[in-house]
Structures are given as C-alpha cells and as structure tokens.
Amino acid sequence: MNAALETLKERGFLKQCTDLDRLSKLMDEGPVTFYVGCDPTGPSLHIGHMVPFFAFRHLHEAGHRGIALVGGGTARIGDPSGKSEMRKMLSYEQLDANSASIAAQLDRFIGFDGTTAYTENNKDWLADLNYIDFLRDIGRHFSVNRMLSFEAYRMRMETGLSFIEFNYQLLQSYDFLQLYKRRGCRLQIGGDDQWGNIVAGIELIRRVEGAECFGLTFPLVTTADGKKMGKTEKGALFLDPAVTSPYDFFQYWRNVADADVERFLLMFTFLPAAECRALGNATDAGINQAKERLAWEVTALIHGKDEADRALAAAQAAFGGSKAGDVSQIPSRELSGEELDHGMGVLDLFVYAGLVPSKSEARRLVQQGGAIINDRKIDDEKTVVDSSWLDAEGALMLRAGKKRVFRILRR
RNA sequence: GGAGAGAUUCCCGAGUGGUCAAAGGGGGCAGACUGUAAAUCUGUUGGCUUACGCCUUCGAAGGUUCAAAUCCUUCUCUCUCCA
C-alpha cells in the first residue's frame, strides 16, 4: 500500500475507502490533491473537528496537496448527517465571522502555503447559484430513492427532515465537483458521518466529468467509556484559548482513560507510531506519565510549546507536590488587598474564583469536604478568609475537589 | 385545511387540586479506594439564607380557587393520522 495511506492506517485513521487499491496506486504515481470540508457553525473549532486535519497533515507531509474547504455556503443550509434535529440557522454575517476565525485556526495548525496547502470557501461558488440551472445541471443526477436509502436521511425519517437539509448532499457533491474542475482534486476525506455525502460527490463527478475520484473516512472517535470524545463539563474542548484555556485543554488529555492513551497518541500527536504504542502499553506509573506526555504533545500542537510548558508546570504544581511545578502558571485571579484585609467569606471566595457557579454549590462543596485553601480543609461554611491566610507568595490556593485548582492573588 | 397526541428541572421520564423544588434513571459534583485512570461504594444535585424560612421553576399569557405542574381560556411550538 502507498506509504502515506499506510501511515494513516497504522495510526487508526482509516474507516472506509471507496477503493483503497486504486487510490493507493494513484498516490504512488504522484502528488494527489485532496480536500476536507468543515462548516463554520461556531466561532471556534473543537477537538472533534480535528481528526481529519491531523490526517491532512500526514498526507501533506507525504507530499500531497491539501485543500481545507470552509463551508461558508453549505453552512447556510445545515448538514443533517448524524444530527437528530435541525440545527438553528445562523445569519450570513455570523457565518462570515465564523469562517474567518476558523480559517485562522486551521492556518495555525496546518500552515497554508498557498500552493500545497490552502483554503477555499464554498460560498464563492454556492452563494450565487441559479436555482433552475442548478436543478438542470446537477439535480438531475440525484435519485431521491437512492438518497432516502442513506443512513443519514433514514435516521431523520422518524423525526422529520426539512427540504432545505435534504439538499445539503447536493451542495457538498457540487463542492467536490467544483474542486475537481478548478483544482484537480481527486480525493475527499472526512469523518465517517460524511460517507454518504462523499460517495454522492464521487458519483456526481463520474456522471458529469467521467472521472474517477475517491473518498476516505475516519472513525468517529469516542472515549473508552463510549462517550463522544472531547466533551468536558463545560462543553466541548475548543481550540480557542479564550473559550477553553490551555490549562483546561491540557487537563483533558491528562485525565484520559488508560485505554485511550495509545489511540489518542496515534491520532492526535505526530510521535512515531512505535513510541505511541510503547507509551500506551505502559502500566501503573508509566501509563500515568504517558498521559502527561500525551497532554503536553497535543497542547503544544494546538497552543504552542510555550503554552504546553506553562500548562505542564501548572499541573505539576497543582498535583505533583508543591515543589515540582510552577504555581504561578495555575489559573488565577486578583483580589484587592483591601478586600483581603477585611476578609471574605469562603463561599464568596469560591464563587469569585469561578470554581463554583453559586453560593449554594459552594456551601455544598464545603459540606462535602471538597473545599480546601492552602492545604487547609474548610469544614465551616462561615469561615472568613483574610490576609493572614496568604501563603509565602501572597496568594491563596483554592481547591474544589481533587481536580480543580485556582489561585487568588493579592493585588 | 381536518382529527388526535403532546410540551415537566442539564437529559430521559413520573406526577391529573394541597403531603411538590416535583418519583425514578442518566449525566454532573463531592467523599472513600487509587495513579490527576477505570470499576465499585456512599452522599449530593434550582437560588438566597447561620437557621426558622423566603424567592423563582413544570411551553407563553391570562383566569378559577384559601391553594394550580395539575382545572378553564387564548396563544406558540412539536409529533401522528387524514386531505
């Protein structure tokens, strides 16, 4: 098999391919242009979006040309694949803003050079389509009977599928056709929920252009306990540091289940496969360290090495005994000296730190023995904390349970 | 357009006049055990309050009643069947 495909397979990226043998042969012959689509439904990508882009990098490094297609046009409709309900429609302005920030995030990760890796926005060819022409040229190639047999639509026959969403597949197929004509794109990659849409595009190109194109999908990544990966208590794991802080991002990977370590190393880092396996097969203290490595590597890829170092230092300070790490890297907030001198109730302090959303929860935390300040367990909710509590660095280290840490700094 | 069913807390889902901040499950959080893991067990899970208690919540707005998630009216939305 072609080396690049072999890499993808070895790292667990391969789920389905329309014709692996012929694709392999084509890739052996020379650089192949491929694309991944991504609809700008939010202002930031989350880690679940990234699987195809990790694959993008593997293929790009192997010398193939990649296009990241931002779906500024298709997002106007909404992809029903894998969704049990219609998603709410976003305004065009919103979509344009999202497109721009997503393209920037992808650029940081992939490094578009404009020749072997670049972005396109399907808004450019979809926004002004003429309905009648589109139906005559493209629509006639689609069989409703066949479309209804796709899993993505069958699923929605129960709950209802609007006509606008039913058209999504035509637009995505048209994208592939456009990229084939404009850029000679021969391969579309994407999550396995895109299989139906990808296959439809390949068929459209065959009918209209008589050319052979390929599709390759990646498995939906779930955690060992069967949850969708990248879900945290605050929602998805976003790439935007303003939404998910690098520290929280790091902690997500740090806390992954043993059984997921190897798989995640293979898919979300670029460490050699053999090393990933060795790390993932470790036990006890070894597997625990492997998680630290995993967390650092992924954080470095998304937020840069500096942020990864900071997150690691903070984590070590928070969990590894106070001397190992760097407490100044733990998430923190300032509190005025005046207020500290007056003293502040513990409940308010925990709310101020954002460790709990309300005083009731803070009270619960104290009652359940999960509230700790500077290694002192708080068992009375009426406790008042003042300047005399400050540690050597003039700070308060608040802990909510064993995993969440926050520092209050005197200003 | 016609007929019927429905909308309950983060999710699913019970509740048909007061004993309802609302059963049960899921999820979340905390504790124990550990390795910042999994599994298991225990507790907890609207807000404010030291506490008695007070306030807000059962699709929306009105109404009946001493008292409404529960009854009535109108509205919005969803689903099923018919056209």
Side-chain angles (χ1 to χ4, degrees), chain A residues 83-89 155-162 165 222-237 245-265 279-296 298-299 311-322 324-325 327 329-331 343-348 350-373 375 377-384 397-406:
Chain A
K83 308 277 185 316
S84 55
E85 287 173 14
M86 183 163 169
R87 54 165 81 240
K88 67 169 187 268
M89 296 225 222
M155 218 177 94
R156 292 291 293 276
M157 295 308 283
E158 293 290 319
T159 55
L161 175 70
S162 71
E165 290 180 288
T222 53
T223 60
D225 37 7
K227 289 180 201 143
K228 227 190 239 168
M229 99 131 253
K231 284 279 174 199
T232 69
E233 66 276 13
K234 287 174 199 141
L237 203 62
S245 72
Y247 175 79
D248 287 334
F249 187 88
F250 181 95
Q251 283 299 318
Y252 176 83
W253 301 96
R254 183 61 252 257
N255 284 309
V256 132
D258 289 8
D260 289 327
V261 174
E262 178 178 322
R263 211 156 40 99
F264 288 179
L265 278 166
L279 284 165
N281 285 326
T283 51
D284 300 322
I287 189 80
N288 205 16
Q289 269 169 16
K291 289 179 195 179
E292 193 170 272
R293 184 71 189 279
L294 169 69
W296 189 89
V298 186
T299 308
L312 176 64
Q316 286 176 340
F319 297 101
S322 47
V327 286
Q329 299 305 333
I330 291 174
M344 192 173 193
V346 259
L347 301 184
D348 289 317
F350 273 85
V351 172
Y352 182 78
L355 288 169
V356 289
S358 67
K359 289 179 80 171
S360 290
E361 281 222 8
R363 186 169 288 118
R364 220 170 279 138
L365 188 70
V366 171
Q367 281 163 1
Q368 295 180 141
I372 290 162
I373 299 181
D375 297 326
K377 185 165 167 184
I378 308 299
D379 36 27
D380 182 356
E381 57 196 64
K382 280 172 282 182
T383 307
V384 172
M397 174 100 94
L398 309 197
R399 285 173 187 274
K402 280 173 294 192
K403 297 230 190 94
R404 291 174 299 141
V405 187
F406 198 88

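Labels below follow one simple rule: chain letters A, B, ... track the order of the sequence lines, proteins then strands, and each chain is numbered from 1. What you see is a predicted model, and the numbers here were worked out from it, not measured in a lab.
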Determine the Euclidean distance between corresponding C1' atoms of rU19(B) and rA32(B); express it in Å to zero decimal places. 36 Å
Which residues pass the side-chain contact (heavy atoms from CB on, under 4.5 Å) test with Arg293(A), sequence neighbours left out? Leu271(A), Glu275(A), Leu279(A), Glu297(A)
Results of side-chain contact (heavy atoms from CB on, under 4.5 Å) for Asp380(A) - residues two or more places apart only: Lys382(A), Thr383(A)
In whole angstrom, give me the gap between the P atoms of rA22(B) and rC58(B). 16 Å
Please determine, for rC81(B), whether a Watson-Crick or G-U wobble partner exists with both distances under 3.5 Å, and give it or none. rG2(B)
Re rU50(B): Watson-Crick or G-U wobble partner, both distances kept under 3.5 Å, found to be none
List, with names and distances, any nitrogen or oxygen atoms from the protein found under 3.5 Å away from nitrogen or oxygen atoms belonging to nucleotides 48-51 of chain B.
unit_1, atom_1, unit_2, atom_2, d
rC48(B), OP1, Lys359(A), N, 2.9
rC48(B), OP2, Lys359(A), N, 3.4
rC48(B), OP2, Ser360(A), N, 2.5
rC48(B), OP2, Ser360(A), OG, 2.4
rU49(B), OP1, Lys359(A), NZ, 2.5

For atom C1', what is the distance between rA69(B) and rG6(B), given to the nearest Å? 15 Å
Considering only the C1' atoms, how many Å lie between rA14(B) and rU70(B), rounded to the nearest integer? 13 Å
rA23(B) and rU16(B), which share atom name C1', separated by this distance in whole Å: 15 Å
Grab the two heavy atoms, one from Pro246(A) and one from Ala311(A), that are nearest each other, plus how far apart they are. O-CB, 4.1 Å
Mate of rA23(B) where both pairing distances stay under 3.5 Å, Watson-Crick or G-U: none
Quick test: give all pairs of protein nitrogen or oxygen and nucleotides 34-36 of chain B nitrogen or oxygen below 3.5 Å, distance rounded to 0.1 Å.
unit_1, atom_1, unit_2, atom_2, d
rU34(B), O4, Lys402(A), NZ, 3.0
rG35(B), O6, Asp258(A), OD2, 3.3
rG35(B), N1, Asp258(A), OD1, 3.2
rG35(B), N1, Asp258(A), OD2, 2.7
rG35(B), N2, Asp258(A), OD1, 2.6
rG35(B), N2, Lys291(A), NZ, 2.7
rU36(B), O2', Asn255(A), OD1, 2.2
rU36(B), O2, Gln251(A), OE1, 2.8
rU36(B), O2, Asn255(A), OD1, 3.2
rU36(B), O2, Asn255(A), ND2, 3.4
rU36(B), N3, Gln251(A), OE1, 3.3

Can you tell me the pairing partner of rC41(B) across any strand shown, Watson-Crick or G-U wobble, with both distances under 3.5 angstrom? rG31(B)
Note: Arg399(A) and Phe350(A) closest approach over all heavy atoms is O-CE2, 3.4 Å
Nucleotide forming a Watson-Crick or wobble pair with rA60(B), both distances under 3.5 Å: rU74(B)
Under the side-chain hydrogen bond (donor to acceptor under 3.5 Å, both in side chains) definition, can you give me all pairs with a residue in residues 279-288 of chain A, not counting sequence neighbours? Arg254(A)-Asn288(A)
Can you tell me how far CZ of Phe250(A) sits from OG1 of Thr299(A), rounded to the nearest 0.5 angstrom? 6.0 Å
OP1 or OP2 of rA30(B) sitting under 4.0 Å from any side-chain N/O of Arg404(A)? yes
Does rC66(B) pair with anything, Watson-Crick or G-U wobble, both distances under 3.5 Å, and if so, with which nucleotide? rG18(B)
In whole Å, what separates the C1' atom of rA60(B) from that of rU76(B)? 7 Å
Atom pairs and distances, donor-acceptor, side-chain atoms in residues 353-364 of chain A, under 3.5 Å, two or more places apart:
unit_1, atom_1, unit_2, atom_2, d
Ser358(A), OG, Glu361(A), N, 3.3
Lys359(A), NZ, Asp348(A), OD1, 3.4
Arg363(A), NE, Glu381(A), OE2, 2.8

Expressed in whole Å, how much space separates the P atoms belonging to rG46(B) and rG24(B)? 13 Å
Which heavy atom in Asp379(A) sits nearest to a heavy atom in Val366(A), and how many Å separate them? C-CG1, 3.9 Å
Give me the distance, rounded to whole Å, that separates rG62(B) from rC10(B) when you measure between the P atoms they each carry. 23 Å
Report the distance from atom CZ of Arg404(A) to atom CD of Gln251(A), rounding to the nearest 0.5 Å. 12.0 Å
List the residues meeting side-chain contact (heavy atoms from CB on, under 4.5 Å) with Ala314(A), not counting sequence neighbours, and say none if there are none. Tyr247(A), Gln329(A), Ile330(A)
Inter-residue atom distance Lys402(A).NZ - Ile372(A).CD1, 0.5 Å rounding: 9.5 Å
To check you understand the geometry: which heavy-atom pair defines the closest contact between Trp253(A) and Phe264(A), and what is its length? CZ3-CD1, 3.7 Å
Any protein N or O atoms within reach of nucleotides 41-44 of chain B? Criterion: under 3.5 Å, listing atom names and distances.
unit_1, atom_1, unit_2, atom_2, d
rG43(B), N2, Gln368(A), OE1, 2.9
rU44(B), O4', Gln368(A), OE1, 3.3

Rounded to whole angstrom units, what separation is found between the NZ atom of Lys377(A) and the P atom of rA30(B)? 13 Å
